[in-house]
Amino acid sequence: MAVQRTFSIIKPDATNRNLTGAINAKLEAAGLRIVAQKRIHLTKAQAGVFYGVHAERPFYDELCEFMSSAPIVVQVLEGEDAVLKNREVMGATNPAEAAEGTIRKEFALSIGENSAHGSDAPETAAVEIAYFFSGLELVG
Ligand code: DGI
């Protein structure tokens, strides 16, 4: 597997509890390199565009409220098999089902307030990276 890039978010529940460094330590320990990172505060409409694929789901409004409730840290991670590796470090969506040592097992509060986002495929990663970063901001 070649070097890949993926998109990651440290979500409001985690920034609120000052967990950015703790989460970054787990990402870096897994061999993922943070090649871009910034702290932003989304509007609800911006969160809605990002999660547009979930627009018909019952939790969509709650999700957009949550993602715009406090600052987030958006990141581009680079490494071998980065998409899958980041999904592994993040753990299952529901923290009750997340494996030991994962970000969501250790830090997530609930299935909604689950501390981290990671792209689910290289194609999604490219779209998500382009939503938040310009090429000049990616410093590999
Ligand atoms: O890729 P994931 O973040 O693991 O999961 P996903 O793409 O299925 O869902 C995106 C986010 O939507 C997830 O991180 C949290 C939220 N979500 C998913 N399922 C539920 C949910 N939020 C609530 N409140 N209830 C759900 O069942």
Side-chain angles (χ1 to χ4, degrees):
M1 171 58 73
V3 170
Q4 265 182 348
R5 283 177 173 172
T6 191
F7 176 73
S8 161
I9 302 180
I10 299 175
K11 294 187 178 182
D13 67 284
T15 62
N16 278 337
R17 288 175 291 149
N18 224 14
L19 292 171
T20 299
I23 290 174
N24 280 350
K26 282 192 177 291
L27 298 173
E28 292 184 338
L32 293 163
R33 182 172 296 275
I34 301 164
V35 299
Q37 173 168 263
K38 60 188 171 189
R39 183 174 165 95
I40 59 175
H41 194 151
L42 292 178
T43 65
K44 190 174 175 183
Q46 289 167 337
V49 171
F50 179 72
Y51 277 118
V53 66
H54 293 308
E56 304 306 321
R57 308 283 286 277
F59 55 82
Y60 179 65
D61 189 68
E62 185 187 325
L63 176 61
C64 297
E65 275 291 342
F66 167 61
M67 290 301 290
S68 58
S69 66
I72 59 173
V73 175
V74 292
Q75 308 174 307
V76 180
L77 309 177
E78 188 176 270
E80 291 278 324
D81 219 357
V83 171
L84 191 62
K85 194 174 277 181
N86 184 39
R87 299 283 301 181
E88 284 173 3
V89 179
M90 244 179 14
T93 310
N94 184 347
E97 293 163 8
E100 284 302 327
T102 61
I103 290 168
R104 284 167 165 171
K105 176 70 177 184
E106 273 188 35
F107 303 126
L109 300 175
S110 65
I111 191 169
E113 302 199 14
N114 62 4
S115 304
H117 165 86
S119 307
D120 62 3
E123 298 74 23
T124 329
V127 173
E128 293 179 349
I129 289 168
Y131 187 55
F132 290 98
F133 292 97
S134 76
L136 283 176
E137 292 176 296
L138 309 179
V139 186

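Note that the structure is predicted; figures quoted are calculated from it, not measured. Order of appearance sets the numbers: ligands from 1, and atoms from 1 within every ligand.
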Close-contact set for ligand 1 against [X] heavy atoms, below 4.0 Å:
| X | result |
| --- | --- |
| G112 | 22 (N) |
| L63 | 12 (O), 16 (C) |
| E62 | 24 (N) |

Looking only at distances, can you tell me whether any N or O atom of [X], backbone or side chain, sits closer than 3.5 Å to an N or O atom of ligand 1?
| X | result |
| --- | --- |
| N114 | yes |
| T93 | yes |
| H54 | yes |

- Nearest-neighbour protein heavy atom for atom 17 (N) of ligand 1, which is reported as residue plus atom name and distance: F59 CE1, 3.4 Å

- Query: Starting from atom 15 (C) of ligand 1, which protein heavy atom do you reach first, and at what distance in Å?
  - Reply: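 For atom 15 (C) of ligand 1, the nearest protein heavy atom comes out as I111 O, 3.3 Å.
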
What distance separates [X] [atom1] from [Y] [atom2], expressed to the nearest 0.5 Å?
| X | Y | atom1 | atom2 | result |
| --- | --- | --- | --- | --- |
| L42 | Y51 | CG | OH | 9.5 Å |
| E65 | D61 | CD | CG | 5.5 Å |
| R57 | E62 | CZ | CD | 12.5 Å |
| E88 | T102 | CD | OG1 | 11.0 Å |

- Query: Nearest non-hydrogen atom to atom 3 (O) of ligand 1 belongs to which of M67, K11, R104?
  - Reply: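 Going through M67, K11, R104 one by one, R104 has the nearest heavy atom to atom 3 (O) of ligand 1.
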
- Query: Does the distance from a Lys or Arg side-chain N to an Asp or Glu carboxylate O, for E78 and R33, drop under 4.0 Å?
  - Reply: no

- Query: At the 4.0 Å heavy-atom cut-off, does R87 count as touching ligand 1?
  - Reply: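 Per 4.0 Å heavy-atom rule, R87 contacts ligand 1.
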
- Could you walk me through whether K38 and V73 pass the side chain to side chain contact (heavy atoms under 4.5 Å, CB included) check? CA-CA 6 Å; K38 60 188 171 189; V73 175; over 6 Å; no

- Plane angle bin for F7 and F133 - parallel if under 30°, tilted between 30 and 60°, otherwise perpendicular: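 Rings of F133 and F7: perpendicular, as their planes differ by over 60°.
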
